[in-house]
There are 2 protein chains.
Amino acid sequence: MATLSAAGRRDAESRDYNANLAECPGHQLLATLSDKWVTLVLSALADGPLRYSGISRIVAGASQKMLTQTLRKLERDGLVARSVTPSVPVRVDYELTALGESLLPVQRAIKTWAETHIEDVATAREAYDQR
Amino acid sequence: MATLSAAGRRDAESRDYNANLAECPGHQLLATLSDKWVTLVLSALADGPLRYSGISRIVAGASQKMLTQTLRKLERDGLVARSVTPSVPVRVDYELTALGESLLPVQRAIKTWAETHIEDVATAREAYDQR
DNA sequence: CAGTATCCGTCATGATACTG
DNA sequence: CAGTATCATGACGGATACTG
């Protein structure tokens with residue numbers, strides 16, 4: 001068969017796009033940064049190292065599952081360092097790596113845009129909604 | 001009742017956190033920016049106005065539903081302007097607003113960080129995975 | 001203290017079909 | 001051309017219970 005059905009072509013394009021997206025550094029970063037808990041954990045650690053319980057106190061809304069999952073992800077990406085002190089009971093400290101700290105300015109840039117323009121967005125939404 | 005159960009307290013904290021997050025400008029922006037299709041549509045329009053079909057050609061992997069949904073969201077937030085020409089058949093043009101364009105530098109900043117540090121992340125992941 | 005294991009509801013995504 | 005409507009599914013977050 002030389003030709004592809006329209007559906008077949010769409011499928012192929014879709015696969016290509018998804019594959020490209022998955023590999024795109026920018027999108028990977030956005031996926032990480034936009035994670036609800038990632039944001040909070042990162043800012044919690046911005047002020048210095050914390051123990052597991054410390055983080056969970058600051059990021060009060062996180063379930064254990066989400067907190068651990070988030071910390072593992074950040075550790076895997078080299079943004080956060082995890083150090084275990086094998087006392088009884090064990091003590092685990094988390095802190096930002098240099099890589100993790102280099103992300104803070106980006107976070108700030110986003111925050112700045114948001115704070116600067118949130119009013120405009122809110123206004124636009126109101127205008128759009130009652131119409 | 002003066003006291004709350006542990007579960008009750010967690011619930012309350014969770015509600016507070018989620019409410020705060022939902023209102024947090026930074027997180028709203030991140031939620032928008034990290035959307036797969038938002039990113040692509042925004043960069044498609046960065047080069048100038050496009051018609052619906054033009055966007056769908058460039059952002060080839062998007063279903064009609066997702067494309068329309070994304071465009072509506074962007075329009076609602078005032079990032080994109082939609083103009084209908086009531087010819088037969090109808091013609092609809094989309095273009096970035098000033099607000100939308102002001103977002104492009106932020107996108108670039110993210111892209112730059114990602115491209116600069118993606119290697120480090122990849123290395124960290126490898127180190128973490130085979131362990 | 002710092003997790004792991006498991007189950008379950010919801011919610012967004014995307015495929016398909018239809019329309020002014 | 002530029003959408004809207006509907007439906008299935010699958011990933012994800014959260015609650016709960018258990019452990020070294």
Side-chain angles (χ1 to χ4, degrees), chain A residues 5-18 21-22 27 31-32 34-41 49-76 80-94, chain B residues 5-19 21-22 27 31-32 34-41 49-75 80-94:
Chain A
S5 69
R9 235 178 301 118
R10 229 186 1 265
D11 280 358
E13 284 165 347
S14 180
R15 266 197 306 280
D16 287 355
Y17 247 78
N18 290 326
L21 267 173
H27 197 263
T32 300
S34 67
D35 185 293
K36 181 180 171 179
W37 304 120
V38 165
T39 318
L40 294 168
V41 168
L50 281 173
R51 301 175 56 176
Y52 183 91
S53 50
I55 301 175
S56 108
R57 218 168 301 118
I58 295 182
V59 187
S63 64
Q64 284 187 324
K65 178 187 173 181
M66 284 302 108
L67 190 52
T68 302
Q69 200 172 99
T70 302
L71 287 167
R72 289 291 176 280
K73 181 158 52 182
L74 293 175
E75 189 195 356
R76 186 171 109 97
V80 159
R82 175 176 184 268
S83 53
V84 183
T85 308
S87 51
V88 178
V90 285
R91 167 193 179 120
V92 182
D93 283 279
Y94 292 92
Chain B
S5 68
R9 236 179 299 117
R10 229 183 5 260
D11 281 357
E13 284 165 348
S14 181
R15 266 196 308 281
D16 287 354
Y17 248 78
N18 290 326
L21 268 173
H27 198 264
T32 300
S34 69
D35 184 296
K36 181 180 172 179
W37 304 120
V38 165
T39 318
L40 294 168
V41 168
L50 281 173
R51 302 175 56 177
Y52 183 91
S53 50
I55 301 175
S56 110
R57 218 170 301 118
I58 295 183
V59 186
S63 65
Q64 284 187 326
K65 180 186 171 182
M66 281 304 109
L67 189 52
T68 302
Q69 199 172 100
T70 304
L71 287 167
R72 289 289 175 282
K73 181 159 54 181
L74 292 174
E75 190 195 356
V80 158
R82 175 177 183 268
S83 53
V84 182
T85 308
S87 52
V88 178
V90 285
R91 168 192 177 118
V92 182
D93 283 278
Y94 291 93

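These numbers were taken from a predicted model, which means no experiment stands behind them.
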| request: For DNA chain D, just give me the dot-bracket, please: Watson-Crick or G-U, both distances below 3.5 Å, ( ) intra-strand, [ ] crossing earlier pairs, | paired with another strand, . unpaired. | output: ||||||||||||||||||||

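Side-chain nitrogen and oxygen atoms of A:Trp37 include at least one within less than 4.0 Å of the OP1 or OP2 phosphate oxygen of D:dG14. Checking the phosphate oxygens (OP1, OP2) of D:dA2, a side-chain nitrogen or oxygen of B:Arg51 falls inside 4.0 Å.
Considering only residues two or more places apart in sequence or on other chains, B:Lys73 meets the side chain to side chain donor-acceptor pair (under 3.5 Å) condition with B:Asp35. With sequence neighbours left out, the side chain to side chain contact (heavy atoms under 4.5 Å, CB included) criterion links A:Thr39 to A:Gln107, B:His27, B:Leu30. Residues passing the salt bridge (charged side-chain N to carboxylate O under 4.0 Å, His left out) test with B:Arg51: none are found, sequence neighbours excluded. B:Arg72 is linked by a salt bridge (charged side-chain N to carboxylate O under 4.0 Å, His left out) to nothing, counting only residues two or more places apart in sequence or in another chain. Among residues two or more places apart in sequence or in another chain, the side chain to side chain contact (heavy atoms under 4.5 Å, CB included) test is passed with A:Ser83 by A:Asp93. Checked against side chain to side chain contact (heavy atoms under 4.5 Å, CB included), B:Val88 has no partners two or more places apart in sequence or in another chain.
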Show every donor-acceptor pair shorter than 3.5 Å between a side-chain atom in residues 59-66 of chain A and any protein atom, with sequence neighbours excluded, or say none if there are none.
| residue | atom | partner | partner atom | Å |
| --- | --- | --- | --- | --- |
| A:Ser63 | OG | A:Met66 | N | 3.3 |

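Closest contact between the side chain of B:Met66 and the listed nucleotides D:dG14, C:dG14, C:dC1 involves C:dG14.
Residue B:Ala31 comes nearest to B:Ser34 through the heavy atom pair O-OG, 3.3 Å, listed as atom of the first residue, atom of the second, then distance.
The 5' end of DNA chain D is approached more closely, in terms of each residue's nearest nucleotide, by B:Asp93 than by the other of B:Asp93 and A:Val90.
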Could I get a table of every N or O pair under 3.5 Å where one atom is in the protein and the other is in nucleotides 3-8 of chain C?
| residue | atom | partner | partner atom | Å |
| --- | --- | --- | --- | --- |
| C:dG3 | OP1 | A:Arg72 | NH2 | 3.1 |
| C:dG3 | OP1 | A:Arg82 | NE | 3.4 |
| C:dG3 | OP1 | A:Arg82 | NH2 | 2.5 |
| C:dG3 | OP2 | A:Tyr94 | OH | 2.7 |
| C:dG3 | N7 | A:Gln64 | OE1 | 3.2 |
| C:dG3 | N7 | A:Gln64 | NE2 | 3.0 |
| C:dG3 | O6 | A:Gln64 | OE1 | 3.1 |
| C:dT4 | O4 | A:Gln64 | OE1 | 3.4 |

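When heavy atoms are screened at a 4.0 angstrom cut-off, B:Ser53 is found touching the sugar-phosphate backbone but no base atom.
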